[in-house]
Structures are given as structure tokens and as C-alpha cells.
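A short write-up of the structure that comes next.
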There are 2 protein chains.
Amino acid sequence: MTTSAPDPFAVWLPLARAHKTILTAVEAALKQAGLPGLDWYDLLWELECAGDAGLRPYELQDKLLLPQYGVSRLADRLAKAGYLTRQDCSGDGRGQVLLITPEGAETRAQIWAVYSDTMQQTVTPHFSAGEARRLADLLEKLLRPAPADKI
Amino acid sequence: MTTSAPDPFAVWLPLARAHKTILTAVEAALKQAGLPGLDWYDLLWELECAGDAGLRPYELQDKLLLPQYGVSRLADRLAKAGYLTRQDCSGDGRGQVLLITPEGAETRAQIWAVYSDTMQQTVTPHFSAGEARRLADLLEKLLRPAPADKI
DNA sequence: TCCAGTTAGATGCATTTGCATGTATACCAG
DNA sequence: CTGGTATACATGCAAATGCATCTAACTGGA
């Protein structure tokens, strides 16, 4: 017995559309509130999680799926805003460690309030708890390395 | 009996990550092939579907979820590349109608080949047909207007 | 017919991105 | 130690984006 291969576009098209819709809603809400966008949030969040150890730019690159120059310049802007500091990296003269400042943490929290609120409004109403769980599970499947026998 | 509200981030975070991952893969493949990006594809696809009637820019705006100036300038580039023509709109002196050219259709088909191929590689291997169907269904739920009683 | 308000689309300017490349340090084979 | 390669990060330049604003044409009411 053979199972017909799924049409990837049946997944991708609504995924892309949902992504753009939600993202637009969040960014609009943030702008409305006079707060920075989600790219700033993501970086600040990672730094806050990293605590006193901070993070190297190349680590951010992996965590945020950004190109090298993307992290470099994003960090520039965050530093200029006073939300992080660059510290010379002991043990690697090429590198640096990024550390969040109290102002950065404060701003991250403010973004979070709006971010979280918008998600409640744009995502939550569409699903029961069970549906949300199944959707989350299926999306995670997309991120795991593909089963070897399927490639 | 109460059902606990789903955590929207359990859906959103993997969704955003999956989106970025897939998008990056497609764009890289297109660049590699020397072809335009998905924004060009989307516009050309809509025009091709519209056929001889063409489409007004403001219609594209809705279909593609782009801001007004986004459509305006995207159309500029496509026109400069010879992939579409702007035609004065009979009946509305302010407006115009965008029409795909044969070169535009040809290029759209080339993009499609790479696009489709990349989707097969990045999406298909992760799912059974049933899973893909369920995922697609759940994602569509995100796009439907939210149930009135849930807001 | 005329004016006020609305809609379609373009565009100047500042910011952001992408790409290619540059600089400096680290690592390693001989 | 030395020269070659690889890694970490920055940056000049061109293209794309976001925002605000502009023009032109439509619409509806007095």
C-alpha cells in the first residue's frame, strides 16, 4: 500500500499567510505603543536569558537565524540605544560579549506586554487548547531534522 | 468545567521559526538559480491567474498583504524587467491595470520549478499525508475570522 | 455646479537590508 | 617559529523598506 505524498503548498501557503498576518499585527501594536520591533525583542530576550555570561554575536546568529552582518548591525543599534554593552572577549581577541543593560531589560519587558497581548488576541481565539497543542506539535515537526528515509 | 486557554506562543514561536527556515531555503535556492525572489513570484502568479483582465494595484495589495507603496514599487521593478505592463484604467482615471507579459509568465514558471522543488525538500519529508492535512487545516483556522464568542 | 471628503497611486527621505569585502585574531601543519 | 587557512566581526555600497506626504481623480451632498 502506498500513501500519496502530501502537497507541501497546502501547508506552506497558509503558514506564510498566517505568519505575515500575525507579524503585521504585532509590529503595528508595537509601533502604536512607541516601542521597538520584534527583532530588538528577540535579541534582548536572548541576552536576558544568558544573564551575566552574555552572548557572543555568533551565538546570536544561530539562535535568531540572522546573517552575520544582521547581528552586527542590530547590536549596533541596540548599543546606541543603551540597551546592551559590548565587552571585549577574554580568551578570544577577535570576539566580544554582548550584555543586556537594565534599560534593555526594562524595554524588553515593555515590549513583552504588548507582544503577549497581541498574541492573545490574534492567536488564542482561533483554537481550543487541544487544537493549539496539536498545531504546536505539528509545527515542531517541521523544525526537527527530517526523517532520514524520507529524503 | 473550564478548558485552560492555550498558550499562543506555543504556536507562534515554532510557526515563526519554521517560516524563517523555509523562506530562507527558498530564497537561497532562487538566488542560486539566478532567479527573482518570492515577492516577484507572488505578484506574477496573481497576474497570471487574473489573465487578460489584469489586476488593479489596490487589489494586489489585499491579495499579497502588502502596503500600498510596496505594490507600487514592486510593480515598478517588475515593469522595468519587462514582466508586466501598466495600462490606463478605462473608467477610473486615477487607476491602472497591471498585465503580465509572456516574459513574465516564463519567468514565473522558472521560479515555480525551484520553489516547488525546495518545498518538496523542506516540507514534505517531515509529514505523513494525514499530518500535512491536519496541519494545513489548523493553519487555515488561524486565517478565518475568529469565533465571535472567543474574543 | 461646486466644494469637501475620499480613494488610487507615486515619491522624497531616512532607515534597513543584502552582498561583497576588509581587518584582525586564532588555529594548524611543517 | 612561520606561513596558510579559517573564524569573528565590521563596513562601503547598492537596493529595498517604512513613513509621511503629494497629486490627481472620483463621489456625494448642498
Side-chain angles (χ1 to χ4, degrees), chain A residues 20 23-43 46-47 50 54-81 83-99, chain B residues 20 23-43 46-47 50 54-81 83-99:
Chain A
K20 193 178 289 196
L23 191 66
T24 301
V26 181
E27 295 289 5
L30 289 172
K31 186 144 305 179
Q32 165 90 13
L35 289 168
L38 283 190
D39 47 351
W40 288 41
Y41 178 84
D42 291 338
L43 180 33
E46 294 295 341
L47 287 189
L55 281 175
R56 300 282 298 268
Y58 75 89
E59 296 174 299
L60 268 307
Q61 204 173 319
D62 294 339
K63 288 178 187 289
L64 304 179
L65 303 181
L66 287 176
Q68 181 267 318
Y69 57 81
V71 174
S72 179
R73 295 209 257 224
L74 184 52
D76 276 351
R77 283 169 239 147
L78 277 278
K80 201 162 302 177
Y83 294 163
L84 64 79
T85 58
R86 297 172 193 261
Q87 196 168 85
D88 281 353
C89 182
S90 68
D92 188 340
R94 299 165 299 181
Q96 62 191 229
V97 174
L98 304 182
L99 293 164
Chain B
K20 193 178 287 194
L23 190 67
T24 302
V26 180
E27 295 290 5
L30 289 172
K31 187 144 305 177
Q32 166 89 11
L35 289 168
L38 284 189
D39 46 351
W40 288 40
Y41 177 84
D42 291 337
L43 180 33
E46 294 295 341
L47 287 189
L55 281 175
R56 301 282 299 270
Y58 74 88
E59 295 174 301
L60 268 307
Q61 205 173 320
D62 294 339
K63 289 179 187 290
L64 305 179
L65 303 181
L66 288 176
Q68 180 267 320
Y69 57 81
V71 174
S72 178
R73 296 209 257 226
L74 184 52
D76 276 351
R77 284 169 240 147
L78 278 278
K80 202 162 301 176
Y83 295 161
L84 65 78
T85 57
R86 297 171 193 261
Q87 195 169 86
D88 280 354
C89 183
S90 68
D92 188 342
R94 298 165 300 180
Q96 60 191 235
V97 174
L98 304 182
L99 293 164

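Numbers restart at 1 for each chain; the letters A, B, ... are given by sequence-line order, proteins then strands. The figures that follow rest on heavy atoms only: side chains count, while hydrogens, waters and symmetry mates do not.
Heavy atoms from other residues, nucleotides or ligands lying under 6.0 Å from CG of A/Asp62 number more than 12.
OP1 or OP2 of C/dA10 has at least one side-chain nitrogen or oxygen of B/Arg86 nearer than 4.0 Å. Within the structure, a side-chain polar atom (N or O) of B/Ser72 is placed less than 4.0 Å from OP1 or OP2 of C/dA10. At C/dT17, one or more side-chain N or O atoms of A/Arg77 fall inside 4.0 Å of OP1 or OP2 (strictly under the cut-off).
With a heavy-atom cut-off of 4.0 Å to chain A, the contacted part of DNA chain D has its first and last nucleotide at D/dT7 to D/dC19.
Whole-Å rounding puts the A/Gln96 CD to C/dA24 P distance at 16 Å. C/dT11 atom P lies 15 Å from atom CG of B/Leu74, rounded to whole Å. The CD-P distance, from B/Gln32 to C/dC19, rounds to 12 Å in whole Å. Rounded to an integer number of Å, the gap from CG of B/Leu78 to P of C/dA10 is 13 Å. One interatomic measurement links the two molecules: CZ of B/Arg94 to P of C/dA8, which rounds to 6 Å at whole-angstrom precision.
Checking B/Asp92 against A/Arg56, the closest nucleotide of DNA chain D that is more toward the 5' end is the one next to A/Arg56.
On a pure distance criterion of 3.5 Å, no polar donor-acceptor pair joins the side chain of B/Arg73 and the base of C/dG9.
A side chain to side chain contact (heavy atoms under 4.5 Å, CB included) with B/Leu60 is found for one member of B/Val71, B/Asp42, B/Leu74 and no other, namely B/Val71.
At a non-hydrogen distance threshold of 4.0 Å, B/Gln68, B/Tyr69 from residues 63-70 of chain B come into contact with DNA chain C.
Partners of A/Lys63 by side chain to side chain contact (heavy atoms under 4.5 Å, CB included), not counting sequence neighbours, listed by chain and number: A/Glu46, A/Leu55.
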